[in-house]
Amino acid sequence: MAQRKVLVTGHKGYIGPHVVRLLKEAGYWVTACDVDLFSASQIDEVVQPDLELIKDFRNLTVRDLEGYDTVIHLAAISNDPMGDLNKDITYQINREGSIYLAQLALKAGVRKFLFSSSCSIYGKAGDVALDESAVFNPQTAYAISKVAVEDSLRTLANDHFSPCYLRNSTAYGLSPYFRIDLVVNNLLACALAKGSIRIMSDGSPWRPLIHCKDIARAFVLFTDAPVALIHNKAVNIGANTENYQVRGIADMIQEFVPNAQIVFTGEVGSDSRDYQVNFNLLYALFPHFQLEYTLKTGIEELYNKLQAINFSLADFESDRFVRLKLLQKNLHKIIK
Ligand SMILES: NC(=O)c1ccc[n+]([C@@H]2O[C@H](COP(=O)([O-])OP(=O)(O)OC[C@H]3O[C@@H](n4cnc5c(N)ncnc54)[C@H](O)[C@@H]3O)[C@@H](O)[C@H]2O)c1
């Protein structure tokens with residue numbers, strides 16, 4: 001049988017290197033496309049794809065996508081503060097760009113289009129864990145763009161083209177392209193670098209969390225899956241046991257860094273997300289799938305790595321691991 005081919009966008013980001021490595025290990029031919037905004041954040045070796053395209057995915061053509069079974073679309077302006085910095089870029093890349101890419105994939109005869117959506121589309125909710133049928137309550141340009149792409153891609157689905165929407169929990173943990181602008185990584189890095197765990201709220205908001213490698217494992221799972229199982233489906237990616245309140249995360253980090261004091265700064269900032277998520281559909285579709293990490297084992301792995309590289313106050317305060325700061329330096333690569 002011919003080797004199956006997958007095209008991944010955003011492989012030089014936080015989640016992407018895990019996706020490329022796992023796809024290669026599973027025997028896929030992998031092409032990967034990234035405009036290279038964040039490679040200054042590299043702390044570990046990466047597995048190279050078979051073909052690497054360093055370019056804006058919005059410049060891909062139908063021809064570039066011919067012959068692929070699956071497109072895994074990760075590339076995006078990937079967090080809420082960046083959306084606040086420049087809403088237009090978020091909409092141009094995350095919304096218009098993603099819809100354009102899906103249309104190319106459809107024309108090129110690609111069978112599956114796996115879109116990296118986000119649980120942040122649920123935004124703010126009460127105490128009930130939300131499943132895929134919940135009403136959206138997106139709080140930011142980033143989350144609004146994810147809703148818009150899901151809605152548009154649904155209209156493209158047909159007997160030959162299966163888009164699918166992986167609504168990922170908030171990621172954390174070790175990746176070759178590290179970032180500290182995600183809640184768990186930020187609190188742990190702050191504990192090690194500053195000796196304090198600074199929570200920008202009263203610690204009560206809930207978040208569903210997942211290790212970045214487990215997100216990558218889910219993408220490979222969907223790549224392997226029969227089309228009929230996942231056709232045009234939105235699926236929350238995470239686990240029911242992995243919804244945490246921010247103060248619970250802080251307590252867990254304090255177990256690893258006992259001298260670090262927990263400080264509640266009380267600012268809510270622009271981030272008003274507060275929601276719990278139900279993941280029953282994922283496990284109904286894939287009864288054998290399990291996350292490799294719990295929050296505790298993920299923190300332990302990251303703690304060991306940050307200790308090994310002597311992660312310092314200078315690292316914490318540098319631009320290297322903060323997407324917003326790197327993006328500001330590299331805006332010229334994506335302004336059209
Ligand atoms: N990290 C999370 O907590 C999380 C949670 C849910 C969903 N997601 C989604 O998963 C995807 C990957 O997230 P991540 O954390 O790896 O993000 P990231 O910001 O670390 O990586 C995104 C990558 O996309 C690239 N990129 C951006 N615009 C591009 C363009 N126009 N052309 C080509 N490449 C471009 C960047 O250079 C970067 O390498 C994103 O779509 C994100 O919205 C992430």
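This is a predicted model, so every value here is computed, not measured. Whatever order the structure lists them in is the order used to number ligands and atoms, beginning at 1.
Checking Asp34, Ile215, Thr9, Ile72 against atom 39 (O) of ligand 1, the nearest heavy atom belongs to Asp34. In the candidate list Gly97, Gly16, Ser116, Ser116 is nearest to atom 9 (C) of ligand 1, counting heavy atoms. Looking at Ile15, Val35, Leu182, it is Val35 that brings a heavy atom closest to atom 33 (C) of ligand 1. In this structure, of Gly13, Gly238, Cys212, Ala171, the residue bringing a heavy atom nearest to atom 1 (N) of ligand 1 is Ala171.
Close approach of ligand 1 to Ser118 is summarised as follows: ligand atoms under 4.0 Å from at least one heavy atom of the residue are 6 (C), 7 (C). The distance from ligand 1 to the heavy atoms of Gly10 drops below 4.0 Å at these ligand atoms: 23 (C), 24 (O). Counting atoms of ligand 1 from 1 in the listed order, those under 4.0 Å from a heavy atom of Asn168 are 6 (C), 7 (C). Atoms of ligand 1 lying under 4.0 Å from at least one heavy atom of Ala75, given by number and element, are 24 (O), 26 (N), 34 (N), 35 (C). Residue Arg323 has at least one heavy-atom neighbour below 4.0 Å for each of these atoms of ligand 1: 18 (P), 19 (O), 20 (O). Atoms of ligand 1 lying under 4.0 Å from at least one heavy atom of Ser169, given by number and element, are 5 (C), 6 (C).
Remark: distances from the non-hydrogen atoms of Thr170 to ligand 1 include one below 4.0 Å. The shortest heavy-atom distance from Ser175 to ligand 1 is not under 4.0 Å. Distances shorter than 4.0 angstrom occur between a heavy atom of Ser117 and an atom of ligand 1. At least one heavy atom of Tyr142 sits less than 4.0 Å from an atom of ligand 1. Close to ligand 1: Lys55, with a non-hydrogen atom less than 4.0 angstrom away. The closest approach between a heavy atom of His11 and any atom of ligand 1 is not below 4.0 Å.
By the 6.0 Å and 45° rule, Arg58 does not stack over the aromatic ring of Tyr100. With a 6.0 Å cutoff to the six-membered ring centre and a 45° limit on the axis angle, Arg154 counts as a cation-pi contact of Tyr165.
Here CG of Asp202 is found 9.0 Å from CD of Gln245. Values are rounded to the nearest 0.5 Å.
Here the rule is side-chain contact (heavy atoms from CB on, under 4.5 Å) with His11, and of Pro17, Pro49, Cys33 only Pro49 fits it.
At least one N/O-N/O distance between Arg179 and ligand 1 falls below 3.5 Å. At least one N or O atom of Leu74 sits closer than 3.5 Å to an N or O atom of ligand 1. In terms of N/O distances under 3.5 Å, ligand 1 is approached by Leu37. For a threshold of 3.5 Å applied to N or O pairs, the pair formed by Phe57 and ligand 1 contains at least one separation below that value. Checking only distances, Lys12 does come within under 3.5 Å of ligand 1, N or O to N or O.
The closest donor-acceptor contact from the side chain of Asp69 to the backbone of Lys5 lies under 3.5 Å. Distance alone, capped at 3.5 Å, is enough to place a donor-acceptor pair between the Lys146 side chain and the Ser116 backbone.
A tilted orientation is assigned to the rings of His73 and Phe113, their planes being inclined by 30° to 60°. Classification of the Phe286-Phe222 ring pair by plane angle, with boundaries at 30° and 60°, yields tilted. Note: Tyr172 and His211 have perpendicular aromatic rings, judged against thresholds of 30 and 60 degrees for the angle between ring planes.
Of the charged side-chain nitrogens involved, at least one lies within less than 4.0 Å of a carboxylate oxygen, so that Lys296 and Glu255 count as a salt-bridged pair.
Side-chain contact between Glu150 and Phe136 is present, with heavy atoms from C-beta onward closer than 4.5 Å.
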Practice prompt. List the steps and the verdict of ring pair (Phe, Tyr, Trp, His ring centres under 6.0 Å) for Phe178 and Phe321.
Written response: CA-CA 6 Å; Phe178 185 53; Phe321 303 114; 5.7 Å; yes
Fill in: Verdict with reasoning, Asp56 to Lys333, per salt bridge (Lys or Arg N to Asp or Glu O under 4.0 Å)
CA-CA 8 Å; Asp56 194 315; Lys333 294 187 179 178; over 6 Å; no
